[in-house]
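Worksheet: one structure, shown below.
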Amino acid sequence: MYNLITDIDELQQYVDAIGDGFCALDFETTSLRPQDGRVRLVSLFDGTRGAVVDFDAIRGGFKACAGMFIRGEWIVFNSGFELRWFIAAGCPKTRCRDVGFLRRAILGGGRYSLKQVVAWDLDREMDKTEQTSNWAAPELTQSQLDYAFKDAVDTWNLFQHWYDRSDELHLQAWELLDGMVPAVIEMEDTGMLVDIPRHRQLAKHWASISESKVKLIRETVPVTAVQNINSDTQWSDFFAREMPDNILSKWPRTEKTGTLSMTGSTLSKIGSHFFGHFGENPITTLVDALRDYKKMSKYLSSFGDTLADKAQMHDDNRVRCRFNIGAAKTCRFSSTGPNLQQIPRDLDLLGERTSVRSSFIAPPGKKLVSLDYSGIELRVLALLSKDEQLLHDVVHGDVHAEVASVIAGHPIDKSTPEGKAARTAAKAVSFGIIYGSGAGGLSVTMRTSSTKAQKYIDFWAERFSNAFEYRNIMLEQAAKTRYIRCVDGGTIYMGKNPDLPKCANYPVQRAALSVMARAISRHKQTLDAQRQARQQQQTLILSTIHDALIDEAAASDAQECLRLMQEDMTAGYLDMFPGAPTERLVEGGIGINWGNLGD
DNA sequence: AACGAGCGCGCG
DNA sequence: AAAGCGCGCGCTCGTT
């Protein structure tokens, strides 16, 4: 089934036979990172010829041979892993093609292991017991060698499975996803520097607020009444006992278990209801304190010391996450361990200006550089649906204010409270459209009646008829083919009963991702070229948050870095939408920390 | 002790 | 028929 290769000439022969064709490749390594281990085995399979190469038997090991792989299209699962080893061996241009991304180009995104997709797509169970065996042993067992080869075979079979089901456009989307890997490796390896003392101080402050809220709560509710202050279930029982029926009957309940909902906004509403009737009173004091306590708990557990601890684990005080390419159904990124895409924005927290993001800083002598696409989803909706009016409104000003003006019948004044409210309402309508909302859902978010919400939707549908109709076109396409074809050529599997909200949103969210994907790939190439030319030598890509990109650069390079980023983001957008207007496309700036990027 | 469901909430 | 999209994580609580 395969040859055990222990000789460099034999390896050369094998690789020559592959040429620039496809071949499955799988590494067994002695560690998870190139800096503290080596590639022991590489397994190869192209459908006919199989090989397992033992690099411990070859002088110079993998590093001496990495350059031999420069021509092929190497099919791997989770290409970031293999590419890291090629980069460490001085071969960053090696074509590692992720079969998981090919699958995502056809079905849409998701997170899964090789074992899972082999079970789903090939209906075969994988035995991974050898995966964590000792790959540094002087003599590998037959079982280890067989295991290594089987992974390459499974990877190849998976590739065959999806390559057979793909067309030219799918292959474009595959390239798009693969193209992000080098940039993502840079982001994951670099991490973001945390001002640990500052952040611990912030967490300490939250803790003191939290304690004062506990005190307040415990003045009216002793431990005998609610034992665990963090338990929504116990609070539900408490309020069910203590509150009058007319309140309980209107109190929203949770979806599955039917307990009283304990969201912040519910507690606020209860509080202001009682305040309206009785002024200052114990119930209002209690529910407000509980709401504030829950808020502080969230901040403390999700964004407090845990974040500082994670940064402190590394001696450079940088926090590192994983950016999972194509993790969302629409192939958007997700971020894990920690999720750096959910760090709070700067806001008023219990009446105090709070900036978690300011704890993420540039190192001495450097600056953070960040740009985001402004209103990208409305913009791509306009472009996808060829809605001239929507495109005009997005490009030539404040689309939400425009919508508000049309609804009001006259221009609104954004400086007045009424004008602001009208704009906020209009914004909710536009987001509702993007999310495929009907009048019912919209009336909830806008806190208005269903009929009024329907009026807003009707205004919107009349002004932006193409964009509005696009939702139905996508629904029809999904109902007919079970797939939606996206702007980057990929498709998303919508199942047997596609629904309007998803059909309306997926192509829009995907298009925004596609634009950012091109921007990220381009930006990595730009910076590599700059570094080669001895420019932007300290510039590093740090992060992406869906529609935003963050670099750090030497203070003297920051201005130019910003320009390059703007160029790349604009070009990425034009890759997906050739000839589209680029006015007001990106906004952002330079700062010493993430909370202060206003320029 | 480990695991998953349910809830709530941070981000886009 | 149902109808705002997409994520990850911390916590509680019941089950295994």
Side-chain angles (χ1 to χ4, degrees), chain A residues 108-111 226-237 252-267 291 294-304 306-307 310 321-347 349 354 356-357 372-377 381 427-446 450 453-454 457 471-472 474-475 492 497-513 516 543-549 594:
Chain A
R111 291 187 68 193
V226 171
Q227 197 243 326
N228 184 349
I229 197 170
N230 296 315
S231 167
D232 286 354
T233 317
Q234 291 178 27
W235 279 113
S236 173
D237 290 345
R253 303 213 163 236
T254 59
E255 170 91 32
K256 307 278 179 186
T257 60
T259 55
L260 299 176
S261 168
M262 290 295 152
T263 66
S265 86
T266 297
L267 293 171
R291 175 201 59 198
K294 285 164 69 72
K295 186 79 159 183
M296 297 324 298
S297 293
K298 171 75 176 177
Y299 269 67
L300 279 166
S301 63
S302 295
F303 312 113
T306 45
L307 220 47
K310 286 220 159 87
C321 72
R322 294 184 60 173
F323 289 98
N324 310 299
I325 299 169
K329 188 73 183 168
T330 55
C331 287
R332 283 222 302 205
F333 284 91
S334 78
S335 160
T336 50
N339 180 357
L340 292 186
Q341 293 184 321
Q342 61 169 168
I343 302 300
R345 323 181 49 176
D346 299 359
L347 42 68
L349 189 65
T354 304
V356 183
R357 294 188 176 191
D372 53 272
Y373 289 108
S374 66
I376 188 68
E377 292 197 331
L381 172 59
K427 190 173 174 179
V429 180
S430 293
F431 271 92
I433 300 296
I434 289 173
Y435 295 155
S437 170
L442 189 58
S443 67
V444 174
T445 41
M446 291 181 71
S450 198
Q454 188 58 55
I457 294 174
R471 315 188 315 167
N472 294 322
M474 289 301 104
L475 180 60
I492 302 176
N497 299 104
D499 58 62
L500 179 66
K502 288 180 173 59
C503 291
N505 181 254
Y506 283 9
V508 175
Q509 192 179 112
R510 174 60 167 271
L513 174 278
M516 181 51 95
S543 180
T544 173
I545 303 140
H546 305 306
D547 62 2
L549 211 49
W594 189 12

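Just so you know, these numbers use all the heavy atoms, side chains as well, and skip hydrogens, waters and symmetry mates. Sequence lines set the chain letters: A, B, ... in the order given, protein chains first and strands last, and positions in each chain run from 1. These numbers were taken from a predicted model, which means no experiment stands behind them.
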Just compare B/dC11, B/dC7, B/dG8 and give me whichever is closest to any side-chain atom of A/Gln342.
B/dC11
Without decimals, in angstroms, what is the distance between A/His546 NE2 and B/dG12 P?
8 Å
Between A/Lys502 and C/dG6, is there a contact of a side-chain N or O with OP1 or OP2 at under 4.0 Å?
yes
From the options B/dG10, C/dT12, C/dC5, select the nucleotide whose nearest atom is closest to the side chain of A/Tyr435.
C/dC5
Here's a test of your reading of the structure: between A/Lys298 and A/Leu500, which maps to the more 5' nucleotide of DNA chain C?
A/Leu500
Aromatic rings A/Tyr299 and A/Phe303: how do their planes relate, parallel, tilted or perpendicular, breaks at 30° and 60°?
perpendicular
Can you find a side chain N or O atom of A/Tyr506 that sits less than 4.0 Å from OP1 or OP2 on C/dC5?
no
Any donor-acceptor N/O pair under 3.5 Å between B/dG12 base and A/Arg332 side chain
yes
Just the rounded figure in Å: distance from P of C/dC7 to CG of A/Leu340.
19 Å
Verify the distance criterion only: is there a donor paired with an acceptor across the side chains of A/Thr263 and A/Thr266 at less than 3.5 Å?
yes
Do the side-chain N or O atoms of A/Thr259 get closer than 4.0 angstrom to the phosphate oxygens (OP1, OP2) of B/dG6?
no
Go through it in stages, so that I can follow the logic: the residues are A/Asp232 and A/Thr259, the test is side-chain hydrogen bond (donor to acceptor under 3.5 Å, both in side chains), and I'd like the CA-CA distance, side-chain angles, deciding distance and then a yes or no.
CA-CA 9 Å; A/Asp232 286 354; A/Thr259 55; over 6 Å; no
Nearest-nucleotide pick for A/Thr336, side chain only, options being C/dC13, C/dC5, C/dG8
C/dG8
Are the side chain of A/Gln234 and the backbone N or O of A/Asn228 linked by a donor-acceptor pair below 3.5 Å?
yes
Just name whichever nucleotide pairs with C/dT16, Watson-Crick or G-U, keeping both distances under 3.5 Å, else none.
B/dA1
